[in-house]
Amino acid sequence: MSIETTRKKVRTVVFPVAGLGTRFLPATKVIPKEMLTVVDKPLIQYAVEEAREAGIEHFVFVTGRGKGAMEDHFDLAFELDATLQARNKLAEIELLKESRLLPGTSSFVRQQEPLGLGHAVWCARDIVGDNPFAVILPDDLVHAEKGCLAQMVEAYEQVGGNIVAVENVPREDVYRYGVLSPGAEKGALVEVKGLVEKPKVEEAPSTLSIIGRYILQPGIFSILEKGQRGAGGEIQLTDGMAQLIGGAPFHGLRFDGTRYDCGDKVGFLHANVAYGLARPDIAAKFGPALKGFLAGKL
Ligand code: UTP
């Protein structure tokens, strides 16, 4: 891989959204997990907006059976649009516009079998081609002044190579994450010396863990192609990334912002409260109601 490739602009994002979402059954029996809403917007739309803010131009969705609602969500809703136009509902028309992707800027590819996150990313190889690309897991929602991916793109423009968003998690939780062996630190960037997926608590090299944001070089595809199984018998992205270390630069970015794990019920409820309180149109009523609830008055 040439140096030029490791510095090329990041134009494409991959959303691996083929998972089964079993932790949210029965909600996810028919509705994709990524269509669950935080306040009034589906998780996948937050992810698309974060990518747009970071300058991304093409959006790749790696889906599976039963995930068609996402494709419809980003399409033109012709009848609804026409009805709102006829009723002169300007604010609602604007909301629909924000949820559209322009023709030709999105691709949908099927993973067919949920063989793991690494396999899902590999399914996007033909569309990404020989270019660096971003990956966003929509169930990790990051509340931040500047979007998490925009922060990563800014860092990428300085150092190139591969970048993962990282944060410290409680030691007892490391077994759920990809964990770093950290090297030298420079500002918010941490050199990645090693990576291990879902380590045992007593064996984790640190508590610095990867959240669902990545900028990767296309060299990852030939590694994932081998289909090596890792933790849980799945083809793990972390194991593939570990094999990139030593080539192009590889950094963790301690991003500014708060992450909510919306793949988990408690994290999802937490996000709804936080995003509700951050919305001026909702906080005025919701804030006092929540206070009353916590004081045992409701
Ligand atoms: P999760 O570990 O959260 O799995 O995947 P899941 O199936 O979505 O949810 P649970 O655990 O059954 O409740 C993390 C991300 O990786 C994607 C998921 O869609 C999610 O965005 N993924 C995972 C795939 O696209 N394909 C896979 O084979 C596995």
#### Entry: Leu43-Leu95 co-clustered via ILVMFWY side chain contacts under 4.5 Å
no
### Task
Write out all pairs satisfying salt bridge (charged side-chain N to carboxylate O under 4.0 Å, His left out) with one or both partners inside residues 158-177, taking only residues at least two apart or from two chains.
Glu167-Arg259, Arg176-Asp261
### Query
Take atom CD in Glu145; do more than 12 heavy atoms of anything else shown fall under 6.0 Å from it?
no
### Task
Give me the ring orientation class for Tyr275 and His143: parallel if the planes are under 30° apart, tilted from 30 to 60°, perpendicular past 60°.
perpendicular
### Task
Can you see which heavy atom on Tyr46 is nearest to which on Val38, and at what distance?
OH-O, 2.8 Å
### Task
List the steps, then state whether side chain to side chain donor-acceptor pair (under 3.5 Å) holds for Ser107 with His58.
CA-CA 8 Å; Ser107 304; His58 196 89; 2.6 Å; yes
### Message
Under a 3.5 Å distance rule, please check whether Ser99 uses its side chain to pair with a backbone N or O of Lys97 as donor and acceptor.
### Response
no
### Pairing of Glu157 and Lys9 as salt bridge, 4.0 angstrom limit
no
#### Entry: Check: Gly147 main-chain N/O paired with Glu53 side-chain donor or acceptor under 3.5 Å
yes
### Task
Answer yes when Lys186 and Glu191 have at least one side-chain N-carboxylate O distance shorter than 4.0 Å, and no when they do not.
no
#### Entry: Residue pair Gln45 / Phe74: nearest heavy atoms and the distance that separates them
CA-CZ, 3.9 Å
#### Entry: Gap between atom CG of Leu237 and atom CD1 of Ile235 - 0.5 Å precision
11.5 Å
### Message
Quick one: does any side-chain atom of Asp239 pair with a main-chain N or O of Gln236 as donor and acceptor, under 3.5 Å?
### Response
no
### Message
Could you walk me through whether Glu50 and Arg213 satisfy the side-chain contact (heavy atoms from CB on, under 4.5 Å) test, starting with their C-alpha distance in whole Å, then the side-chain angles of each, then the deciding distance to 0.1 Å, before giving a yes or no?
### Response
CA-CA 11 Å; Glu50 185 181 325; Arg213 303 286 182 281; 2.8 Å; yes
### Query
What distance do Leu137 atom CG and Cys262 atom SG have between them, rounded to the nearest 0.5 Å?
12.0 Å
### Query
If we only count heavy atoms from C-beta on, is the Phe61 to Leu101 side-chain gap below 4.5 Å?
yes
### Task
Would you mind checking if Glu49 and Lys41 are paired as a salt bridge, meaning a charged N to carboxylate O distance below 4.0 Å?
yes
### Message
Test your reading of the model: is there a side-chain donor-acceptor pair from Lys8 to the backbone of Asp130, 3.5 Å cut-off?
### Response
yes
### Query
Of all heavy-atom pairs between Leu180 and Ser206, which one has the smallest distance, and what is that distance?
O-OG, 2.7 Å
### Query
With a 4.5 Å limit on heavy-atom distance, are the side chains of Arg100 and Leu76 in contact?
yes
### Task
Using ring-ring contact (aromatic ring centres under 6.0 Å, His included) as the criterion, list what pairs up with His119, not counting sequence neighbours.
Trp122
### Salt-bridge present (Asp40, Arg279; N to O < 4.0 Å)
yes
### Task
Give the intermediate values and the outcome of side-chain contact (heavy atoms from CB on, under 4.5 Å) for residues Tyr156 and Asn162.
CA-CA 8 Å; Tyr156 174 81; Asn162 304 282; over 6 Å; no
### Query
Do the rings of Phe221 and Phe133 sit parallel, tilted or perpendicular, given the 30° and 60° boundaries?
parallel
### Task
Taking the side chain as every heavy atom from C-beta outward, state whether Lys193 and Ile245 have any atom pair closer than 4.5 Å.
no
### Task
Look only at the side chain of Thr28 and the backbone of Gly21, and say whether a donor-acceptor pair between them is shorter than 3.5 Å.
yes
Sequence neighbours left out, cut at 3.5 Å: what donor-acceptor pairs do the side chains of residues 78-91 make with other protein atoms?
from: Thr83; atom 1: OG1; to: Glu79; atom 2: O; distance (Å): 2.7

### Message
Between Lys33 and Asp139 (salt bridge meaning N to carboxylate O under 4.0 Å), is one present in this structure?
### Response
yes
### Task
Report yes if some heavy atom in the side chain of Val164 is under 4.5 Å from a heavy atom in the side chain of Met241; otherwise report no.
yes
### Task
Answer with yes or no whether the hydrophobic clustering places Ile282 together with Leu294; edges join I, L, V, M, F, W, Y residues whose side-chain heavy atoms lie under 4.5 Å apart.
yes
### Query
Would you say the side-chain atoms of Tyr177 pair up with the backbone N or O of Val196, donor to acceptor, closer than 3.5 Å?
no
## Note on the structure
Pro182 and Val190 have their tightest heavy-atom pair at CB-CG1, 3.6 Å
### Query
Taking C-beta and beyond as the side chain, do Lys265 and Phe24 meet within less than 4.5 Å on heavy atoms?
yes
### Query
What about Leu269 and Ile31, same hydrophobic cluster or not, with Ile/Leu/Val/Met/Phe/Trp/Tyr joined at side-chain heavy-atom distances under 4.5 Å?
no
### Query
To the nearest 0.5 Å, what is the distance between CG (Asp264) and NE2 (His270)?
11.5 Å
### Summary
Note: Pro16 and Ala120 closest approach over all heavy atoms is CB-CB, 3.9 Å
### Task
Kindly give the heavy-atom pair with the smallest separation between Phe286 and Gly276, and that separation in Å.
CD2-C, 4.1 Å
### Query
Under 4.5 Å between side-chain heavy atoms, hopping through other hydrophobics if needed: is there a path connecting Ile223 to Val62?
yes
### Task
Answer yes or no: is there an ion pair linking Glu185 with Arg254, defined by an N-O contact shorter than 4.0 Å?
yes
### Query
Does Arg125 use its side chain to pair, donor to acceptor, with the backbone of Glu225 at less than 3.5 Å?
no
#### Entry: Asn131 side chain reached by Thr12 side chain, heavy atoms, under 4.5 Å
no
### Query
If you group Ile, Leu, Val, Met, Phe, Trp and Tyr by side-chain heavy-atom gaps below 4.5 Å, do Val174 and Ile211 land in one group?
no
